[in-house]
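Taking it in order: structure first as structure tokens, then the write-up.
Every value quoted in this text rests on a predicted model; they were computed, and no experiment measured them. Below, read A as the first sequence line, B as the second, and so on, with proteins coming before strands; counting in each chain starts at 1.
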Amino acid sequence: MASYLAGRLASLLISLVVASIVIFLVIEVVPGDPAQFMLGLNAQPDTLAALRTQLGLDEPALIRYFTWIFGMLHGDFGISYTYRTPVSELVAQRIGVSAPLALLSLALTVIIGLPAGIIAAARRNSATDAAVMGATQLGIAVPNFWFAIMLVWIFAVILHWFPAGGFPGWNKGIWLGFKGLLLPSIALALPQAAILARVMRSSLLDTLGEDYIRTARAKGLPRAQALWKHAVRNALIPVLTIVGLQFSFLLAGGIIIENVFYLPGLGRLTFQGITQRDLITVKTVIMLLVFAVIFVNFLVEIAYVLVDPRLRRRA
Amino acid sequence: MSLLEIEDLSLSIGKAPILRDVDLRLDAGEVLGLVGESGSGKSMTALTIMQLLPHAARATGRVTFDGIDILAAPEAAMNRLRGDDIGMVFQEPMTALNPLKTIGEQVAEGIRWHRGSNRADAEREARRMLDRVGLPEAQFPLSRYPHELSGGQRQRVVIAIACALRPKLLIADEPTTALDVVLQKQILELLQGLVREDRMGLLLISHDLAVVAEMADRVAIMRAGEVLDTGETARTLSEQRHPYTRQLAMASVHVPERPAHRPHGTAPLLELRGVTRDYPLRRRSLFGPAGTFRAVDGVSFTLAAGQSKALVGRSGCGKSTLARMILALDAPTAGEIVFEGQDLARLGTAGMKAARRHMQVVFQDPYGSFDPRHRVERLVAEPLHLAEKRPGRAEQRDMVAHALHEVGLSPSDMDKYPHEFSGGQRQRLSIARAIITRPKLIVADEPVSALDVSIRAQILDLFADLNRRLGLAYLFITHDLTVARAITDEVIVMHEGRFVEEGETAVVLERPRSDAAKALVAAAPDLSRAIAQRLAEAG
């Protein structure tokens with residue numbers, strides 16, 4: 001196990017290094033001079049040059065790359081070109097919204113998706129199965145911002161149970177923050193839950209056809225017991241992969257929902273960063289997201305080993 | 001009253017009739033052999049007794065077990081019977097166990113479920129049962145997972161699960177079909193012992209007449225959902241009053257007519273010199289040396305043109321690895337494989353093409369070796385890319401038609417898809433695919449072990465016929481001595497990567513010298529021997 005962990009960690013680090021190089025190079029070739037943007041089109045050439053020196057933009061690429069990397073290792077992500085505040089502060093604020101949003105959506109995805117898939121598979125070809133399958137079809141087809149608009153209309157505009165948008169901040173109390181994030185996380189979770197339910201259903205149906213389920217039934221276990229004790233855990237193995245991918249998507253892909261609900265999240269920060277050529281912020285946020293995705297995959301791989309004894313020997 | 005009585009049992013799934021008026025009975029302590037070819041309804045009869053039929057199945061008639069009307073019993077009552085009074089063992093041990101649970105959990109589960117005992121008691125009981133089926137604690141603690149066990153060991157676990165609560169009836173559905181002959185003998189002896197000790201009734205389902213002849217007190221012979229012949233084993237199989245019983249018995253000992261091979265004295269077609277294949281083992285630590293596993297250990301032999309040789313041995317002895325190297329699908333670690341005078345390792349692309357054209361392969365599973373979306377013409381013509389000049393469309397159709405004709409199929413089959421053919425016809429197709437390039441050598445890896453006995457007899461005849469007419473040389477890879485006996489001039493016995501015995505087939509099988517060959521011969525079920533023994537016992 002220890003050497004397996006070491007191996008996975010090494011691969012995680014290598015992925016991060018490669019990703020950082022790619023991100024740095026891409027940002028390098030993107031047109032647009034941040035100093036020009038900050039000073040406007042009528043800036044004097046010498047002020048421009050002074051600002052470029054101050055921002056370190058005239059250093060060779062290699063030096064800038066290492067400055068960036070070592071800075072990040074010390075928690076120093078540089079100063080945002082547009083906001084003129086440390087990127088770390090900006091990002092920390094935004095993560096305070098985006099990470100809880102992603103976690104909440106993931107929790108909802110799993111809470112809705114897995115049971116729906118299990119029920120549909122357990123009652124295959126029944127009315128329940130048809131209803132679940134129809135609902136998931138709809139959930140996948142309809143874009144999440146439409147759900148978002150519907151949720152706002154029903155729960156905010158008509159019922160006044162929830163705010164229509166904006167985020168009060170965690171310092172106003174956990175409950176208020178949670179209330180602010182609930183509608184957006186439902187909108188984010190519904191399509192994901194639909195995908196997860198379908199994956200869970202087909203994985204469980206495959207598993208229910210396995211010989212060892214027949215062995216369990218021949219032992220005298222009723223259908224439901226065989227399903228819970230033997231089929232579900234086996235069916236979860238492929239589902240884990242999907243859940244890992246979904247978390248990454250929920251963390252990075254919330255930009256439309258953040259806009260609909262006017263939430264100060266990472267998605268909007270990135271979007272603004274790109275339009276304003278605030279490249280240092282963009283670079284940092286992308287790097288953080290890459291780190292999160294790679295780290296989640298790492299967790300998924302560890303989860304595999306915990307679930308599946310066949311991998312433990314290799315581990 | 002008998003332990004199990006089946007009267008006028010008919011079964012249909014949807015609109016398809018599966019069983020018709022089946023009558024069977026089985027007493028406590030008795031072994032009933034249920035014999036038939038695939039699709040005859042043997043397994044469905046077993047699943048009816050277990051009430052584990054597919055959803056659309058409708059059964060009529062009467063099935064009485066121990067005074068209980070099975071067909072009318074509610075699901076809850078069946079759950080109490082299954083695993084407690086009726087145990088069942090299945091064909092495929094590799095997939096019959098849950099890969100995520102330890103063998104201890106899986107054996108104890110049924111005990112806890114039926115007896116309501118606590119974990120410790122159930123585990124003690126499971127331990128005792130695993131010891132009884134020959135899995136002692138020292139090597140097989142309860143904490144073992146199925147993937148750490150071999151096929152034979154897994155089948156022992158399945159038997160432990162089925163017998164843990166000393167059922168009155170044990171149903172074994174082809175329990176040894178997936179195992180090699182030596183393991184088969186061990187598992188059959190284990191079942192026999194358990195049945196005798198606990199006075200269980202055993203319903204043994206098999207396609208193999210010889211296995212049933214050795215095991216069963218009475219037999220029932222099924223075809224197309226009907227019981228055609230039933231009675232005491234020795235009498236039924238020796239008198240062979242029913243024509244189908246006779247047909248089955250003849251087919252299972254069938255030996256095709258074939259002239260003996262006369263060596264021409266020319267250079268051998270295939271020669272192996274000191275061929276070795278090592279596989280790296282997984283490293284134990286990050287910096288330690290990686291060990292190797294020697295799958296094939298310095299073997300040498302020659303095969304003449306037109307000669308038919310068998311390579312026999314238990315599963316895992318290295319015979320398939322050797323076959324892969326001969327087919328140049330894998331390279332030896334050391335040694336040379338010389339085909340038509342050329343070392344395979346030194347052939348360039350063009351030379352390899354010619355070599356491949358002259359040696360083709362037939363695999364075990366006629367279902368898995370065809371792409372279901374291609375038509376027969378394309379499937380059979382596949383090896384033609386090895387030809388020096390790719391034939392034109394019309395020429396290709398001619399060649400395919402000719403190959404189909406050679407294997408006893410009609411040229412009009414060319415435009416069909418594989419699913420339109422039966423198992424035996426599909427094996428004919430794979431032989432047609434193998435002979436289309438006019439090869440000199442065919443390597444056949446268990447070519448008839450997935451086939452029913454009557455089909456198998458036909459395919460063996462076809463191999464014999466092609467050998468005679470086309471002068472093909474064969475290398476048959478098999479663990480089944482009846483195949484070797486039927487179709488080969490010489491046999492090589494392989495054990496743990498080495499050749500332990502070689503010689504004329506009849507001589508080696510009659511008077512084996514090495515331990516490995518003796519074990520194979522002793523374990524191979526033999527119909528006439530088993531009948532003779534039963535008749536002698538009966539006096």
Side-chain angles (χ1 to χ4, degrees), chain A residues 1-11 121-127 129 203-240 303-315, chain B residues 46-47 50-52 55-56 75-102 105-115 143-148 154 157-158 161-162 164-165 167 170-171 173 282-288:
Chain A
M1 188 77 193
S3 75
Y4 174 79
L5 270 184
R8 296 324 309 161
L9 268 174
S11 115
R123 310 207 175 145
R124 186 185 193 178
N125 294 337
S126 68
D129 184 19
S203 173
L204 192 54
L205 285 180
D206 285 347
T207 314
L208 284 172
E210 293 282 350
D211 286 351
Y212 53 77
I213 299 299
R214 196 182 50 186
T215 307
R217 298 277 284 135
K219 241 181 241 184
L221 296 193
R223 230 178 95 79
Q225 291 266 344
L227 180 117
W228 284 109
K229 291 195 171 163
H230 290 272
V232 169
R233 205 169 130 203
N234 276 288
L236 278 178
I237 296 173
V239 170
L240 261 179
Y304 276 144
V305 177
L306 293 181
V307 173
D308 193 341
R310 284 165 296 187
L311 298 174
R312 252 171 255 165
R313 188 171 46 173
R314 271 186 259 166
Chain B
L47 292 177
M50 290 295 273
Q51 285 290 291
L52 287 177
H55 277 303
E75 179 60 15
M78 282 315 298
N79 286 336
R80 282 195 297 276
L81 277 184
R82 283 185 215 119
D84 193 358
D85 286 337
I86 312 178
M88 184 156 177
V89 177
F90 303 95
Q91 172 170 353
E92 189 39 80
M94 296 312 277
T95 52
L97 294 171
N98 185 340
L100 305 188
K101 286 185 180 258
T102 64
E105 279 176 274
Q106 299 193 51
V107 179
E109 187 176 29
I111 301 170
R112 295 182 68 186
W113 174 252
H114 287 289
R115 293 282 182 270
S143 56
R144 283 284 186 115
Y145 282 97
H147 71 266
E148 301 170 309
R154 288 187 211 190
V157 176
V158 175
I161 292 172
L165 294 163
L170 180 64
I171 302 173
D173 189 356
R282 183 157 286 278
R283 278 165 199 274
R284 298 210 168 190
S285 74
L286 206 53
F287 304 105

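A cation-pi arrangement is present between Arg214(A) and Phe90(B), with the terminal nitrogen or guanidinium carbon under 6.0 Å from the aromatic centre and inside a 45° cone about the axis.
For a residue to count as touching a neighbouring chain, one of its non-hydrogen atoms must lie under 4.5 Å from one of that chain's; by this rule Leu81(B) does not touch chain A.
Contact check for Pro99(B) versus Tyr212(A): side-chain heavy atoms found under the 4.5 Å cut-off. Taking 4.5 Å as the limit, some side-chain heavy atom of Asn79(B) sits within range of a side-chain heavy atom of Arg217(A).
Taking every heavy atom of both residues into account, Leu100(B) and Pro309(A) meet most closely at CD2-CD, 3.5 Å. Residue Gly220(A) comes nearest to Trp113(B) through the heavy atom pair O-NE1, 2.9 Å, listed as atom of the first residue, atom of the second, then distance. Of all non-hydrogen atoms in His114(B) and Lys219(A), the two that sit nearest each other are NE2-O, 2.7 Å. Shown here for Lys229(A) and Lys101(B), the closest heavy-atom pair between the two residues is O-CE, 2.9 Å.
Note that the CD atom of Glu109(B) and the OG1 atom of Thr215(A) stand 10.5 Å from one another [nearest 0.5 Å]. Taken to the nearest 0.5 Å, the CD1 atom of Ile213(A) stands 12.0 Å off from the CG atom of Leu52(B).
Within residues 232-239 of chain A, the residues that have a heavy atom under 4.5 Å from a heavy atom of chain B are Arg233(A), Asn234(A), Ile237(A), listed by number.
Within a 6.0 Å sphere centred on CZ of Arg223(A), other residues, nucleotides and ligands contribute 12 heavy atoms or fewer.
Taking Val307(A), Leu221(A), Thr207(A), Asn125(A) one by one and counting their heavy-atom pairs under 4.5 Å with chain B, the maximum is reached by Leu221(A).
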*Hey, mind stepping through His230(A) and Gln106(B) against side chain to side chain donor-acceptor pair (under 3.5 Å) and telling me if it holds?*
CA-CA 10 Å; His230(A) 290 272; Gln106(B) 299 193 51; 5.1 Å; no
